[in-house]
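Letters go in sequence order (proteins before strands), and every chain restarts at 1.
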Number of protein chains: 2
Amino acid sequence: MDTRERIVNAAADLMGRHGYTGTGLKQIAAESGAPFGSIYHFFPDGKTELTAAALRWSGEGYQLLVEGVIDGEADLLDGLRACFEGAAEVLIASDYADACPIETVALEVASTDETLRLVTAEIFANWIESAASRFEAAGLDHDEARHLGIAFISALEGAFVLSRALKSPEPMYAAGRPVVDAIVAALARADRRGPS
Amino acid sequence: MDTRERIVNAAADLMGRHGYTGTGLKQIAAESGAPFGSIYHFFPDGKTELTAAALRWSGEGYQLLVEGVIDGEADLLDGLRACFEGAAEVLIASDYADACPIETVALEVASTDETLRLVTAEIFANWIESAASRFEAAGLDHDEARHLGIAFISALEGAFVLSRALKSPEPMYAAGRPVVDAIVAALARADRRGPS
DNA sequence: GTCTATACTTTGATAGAC
DNA sequence: GTCTATCAAAGTATAGAC
C-alpha cells in the first residue's frame, strides 16, 4: 500500500470514529506512519481535500459492503434484515465504534463546509440509488422504490446514532423492522397489481 | 436571563449546529455576551461540564417541543405525522441548520468521552420512553410500544442526517411513513385482540 | 461574582534541507 | 518525494485584579 493510500485509509478510520474536527492532521500522519509533510504533498489543499478523499473512499467501501450483504442472500428481504443484523454485530464487536463511516462527518460539515457537504450528499445519493435500484428490480415502481430506499438508509443511520449512544444493539433491530415490513407490503401490493 | 443561562443557551445553539469539537469556549463566551472567565466560574470542570448542561437543556426542550406537537393533534397518528412535517419545515426555514440539537454531539462523543456519552444516552432514553408511553396508552403492549418508540426516534434522527446532507426535506417524509404505518398496523392488531 | 490577561497545548499550514 | 522545523492562530484552562 503506497503512502497516499495509507494516509487516506488512516483519515477515513479516525474520522469515522472521532469525526472531522476531532481528528487532527498530525494524528493522521502518526496513525498512517507517513511523514507530516506528505499530507500536503498529496493533498495540496490540505484537510478539506484529504477529507473529501477519505469520505469517498469510505463511502464506496461501505456501499460495496452493504451491497455484498444484500446480494449475498437469496431473498432481497433476507438481505435487508442481514444488514441490520450485521451492523449490530459489528457495533458490538467494536464496542460501538465502527458504525457508518461518514455519518459523524456529514453532520459536522452540513452547516460549516459546503464543499464537504456536497461530497457527503453525493455519497448518500449513491447509497439511496443502490438500494432503490434493487427495490425497483424486485417489482416496485420507481418512486416507491426511491422512497423506501431513503427510508432504509435513514433507518440505518438513525439506528447507528441510538446504538452508539446507548451502547446497545436494540435500535438496530427495532429500527429495521418497520422498513422491512413496509417493503414486504409494497411488494405484495405490486404483486397484486401485476404479478410477474 | 442570567449569565449562566445565557452561556448554556449559546453553547446548546452553537453545538447543535457545529458540533462539540467544532464549538470553542471563546465562541460561546462571545455569542452569549458573557466574559470568558464566567464559563469557568459557573462550570469549574470546563467544557465537559458545560456541554453536559447544554445537552440536558437541549434534550429537555426538544422533548417538550415534540410532545407538544404530538399531543397537539387529536389523533396520535396525526401527531406523529406532524412531527416529521414540522421537522421538515424547520429544516427548510433554517436552511438545514436546525435539526436534532444533540445528534452531532452524540456521535462525536460516543467513542471519545464516556461522561458525555452517558448524558446523550440518558436523553435518548427519555425520548424513547416519552414516545413509547404514548404508544402504550394507545393500546400497544409494553414491548411493542418500546420497539416502535425506538423506531420512531431512529427514523427522525436518520432523516435529519440525510436531509441536512442532501439539503432536501424528502427524507423527512420518506423515513416517517414506514414507522407511522407500522404503528397503524400494530394498533389494528391490538384492537383485534382486545378492543377497548 | 465579574472581567482581563495570560499560560500552555494543539491545530492547520508552510518553508526548506535532503 | 521524504522528512523536519517552525509559524500563526485557535483551543482549553488558569491566575489574579477589581
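Applying the side-chain contact (heavy atoms from CB on, under 4.5 Å) test to A/Asp143 and every residue at least two apart in sequence or in another chain returns A/Asp141, A/His147. In this structure, the side-chain contact (heavy atoms from CB on, under 4.5 Å) partners of B/Thr115, at least two apart in sequence or on a different chain, are B/Thr48, B/Asp113. Not counting sequence neighbours, the partners of B/Ser32 by the side-chain contact (heavy atoms from CB on, under 4.5 Å) test are B/Arg6, B/Ile7, B/Ala10, B/Ala34. Residues forming a side-chain hydrogen bond (donor to acceptor under 3.5 Å, both in side chains) with B/Glu114 (at least two apart in sequence, or on another chain): B/Arg117. Taking B/His41 as the reference, nothing meets the side-chain hydrogen bond (donor to acceptor under 3.5 Å, both in side chains) condition, with sequence neighbours excluded.
Within the structure, every pair that satisfies the salt bridge (Lys or Arg N to Asp or Glu O under 4.0 Å) test and touches residues 35-59 of chain A, not counting sequence neighbours, is listed here: A/Arg56-A/Glu122. Residue pairs meeting the salt bridge (Lys or Arg N to Asp or Glu O under 4.0 Å) criterion with at least one member in residues 93-110 of chain A, sequence neighbours excluded, are A/Arg17-A/Asp98, A/Asp95-A/Lys167. The side chain to side chain donor-acceptor pair (under 3.5 Å) pairs that include a residue from residues 66-80 of chain A are A/Gln63-A/Glu67, A/Glu67-A/Ser130, A/Asp71-A/Arg134, A/Asp78-A/Arg81, where partners are two or more places apart or lie in different chains.
Interface residues of residues 102-120 of chain B facing DNA chain D, ordered by number: none; criterion, heavy-atom separation under 4.0 Å. If you check residues 46-59 of chain B against DNA chain D, the residues with a heavy atom closer than 4.0 Å are B/Gly46, B/Lys47, listed by number.
Residue B/Asp2 contributes atom CG, which lies 10 Å from atom P of C/dG1 at whole-angstrom precision. The distance between atom OH of A/Tyr40 and atom C1' of C/dT14, rounded to the nearest whole Å, is 9 Å.
Counting any heavy atom pair closer than 4.0 Å across all strands shown, A/Phe43 reaches no nucleic acid atom. Among the protein residues, A/Thr21 comes within range of no part of the nucleic acid, since none of its heavy atoms lies under 4.0 Å from any strand.
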Please table the atom pairs, donor to acceptor, closer than 3.5 Å between any side-chain atom in residues 168-176 of chain B and protein atoms at least two apart or in another chain.
| from | atom 1 | to | atom 2 | distance (Å) |
| --- | --- | --- | --- | --- |
| B/Ser168 | OG | B/Glu170 | N | 3.0 |
| B/Glu170 | OE1 | A/Arg146 | NE | 3.4 |
| B/Glu170 | OE1 | A/Arg146 | NH2 | 2.8 |
| B/Glu170 | OE2 | A/Arg146 | NE | 3.0 |

Identify all pairs in which a protein N or O lies below 3.5 Å from an N or O of nucleotides 3-8 of chain C, and state each distance.
none

